[in-house]
Amino acid sequence: MSEPRPDAEPDVYTMPPTAYRVGDAEADAGSPPAAPPSAPPGTPAPTPAPTAAAPAPTATEPSPRGHRGWDIVLSVVLLVVGAAAAGLASVLALFLAFASDSCGSGTCDYDQMNVGFWVALVAPWGVWLLGVVATIVLLVRRRLGFWVPLVGIALGAVAWVVGAWLVGSAIG
């Protein structure tokens with residue numbers, strides 16, 4: 001075992017039990033604590049002092065960071081709406097594939113059309129998934145989270161429009 005350093009703090013777990021004893025300084029460490037003095041027979045027992053009770057919180061005062069039921073319900077509803085919007089965006093992205101029908105021989109940029117198609121098909125779902133994760137994190141931390149699905153729906157729509165623009169601009 002190594003030597004303790006002089007500047008090290010003492011180990012609190014090795015202190016003798018008498019160091020924690022409250023009461024008579026001359027009392028033996030092995031003796032049981034002395035019983036409190038009893039009152040003579042016939043005297044009434046002392047009543048405990050009344051304690052001041054903390055005021056009960058009222059129902060009208062929400063806790064500063066408590067769960068807000070309306071926020072949870074609205075967040076879930078907006079996440080479902082966001083999933084429906086992402087599904088609609090994916091279905092509409094399938095129709096972007098028909099844009100190549102108007103291409104003649106070598107007049108379209110098929111690589112750009114392919115990128116635009118996949119952006120319009122997949123990006124709304126990626127934005128929705130990020131929105132789900134961010135909403136859950138905010139709700140667990142007891143912060144407002146309903147705004148995240150709203151932003152996610154808007155960003156998913158913007159992503160679909162960017163994909164459709166890529167497809168449209170590839171037609172020559």
Original post:
Among the clusters formed by ILVMFWY side chains lying less than 4.5 Å apart, do Y110 and V167 turn up in the same one?
Top reply: yes
Original post:
Do you know the tightest heavy-atom contact between T135 and S75?
Top reply: CG2-CB, 3.8 Å
Taking only distance into account, with no hydrogens and no angle test, what donor-acceptor pairs under 3.5 Å do side-chain atoms of residues 158-165 form with protein atoms, sequence neighbours excluded?
| residue | atom | partner | partner atom | Å |
| --- | --- | --- | --- | --- |
| W160 | NE1 | A89 | O | 3.1 |

Original post:
Given side chains that start at C-beta, do those of V81 and P149 come closer than 4.5 Å, heavy atoms only?
Top reply: no
Original post:
With sequence neighbours left out, what residues match W118 under side-chain hydrogen bond (donor to acceptor under 3.5 Å, both in side chains)?
Top reply: N114
Subject >> Least distance between heavy atoms, R68 atom then L144 atom >> reply: NH1-CD2, 3.7 Å
Original post:
Where is the tightest heavy-atom contact between L94 and F117, given as atom of each residue plus distance?
Top reply: CA-CE1, 4.0 Å
Original post:
Do F98 and V91 share a hydrophobic cluster, counting only Ile, Leu, Val, Met, Phe, Trp and Tyr and linking them when any side-chain heavy atoms are less than 4.5 Å apart?
Top reply: yes
Subject >> Residue pairs involving residues 77-94 (criterion side chain to side chain donor-acceptor pair (under 3.5 Å); sequence neighbours excluded) >> reply: S90-W125
Subject >> Exercise: identify the closest heavy-atom pair between I171 and S102 >> reply: CG2-OG, 3.8 Å
Original post:
Are any non-hydrogen side-chain atoms of V140 and I136 less than 4.5 angstrom apart?
Top reply: yes
Subject >> Donor-acceptor contact present, side-chain W128 to main-chain L79, <3.5 Å >> reply: yes
**OP:** Using the rule that two of Ile, Leu, Val, Met, Phe, Trp, Tyr join whenever any of their side-chain heavy atoms come within less than 4.5 Å, decide whether V80 and L78 are in one cluster.
**Re:** no
**OP:** Write down the atom of A170, the atom of M113, and the distance for their closest heavy-atom approach.
**Re:** CB-CG, 3.2 Å
**OP:** State yes or no: do L92 and L96 share one hydrophobic cluster built from I, L, V, M, F, W and Y residues joined by side-chain heavy-atom distances below 4.5 Å, directly or via other members?
**Re:** yes
Subject >> same_hphob_cluster(L138, V132) at 4.5 Å side-chain heavy-atom cutoff >> reply: no
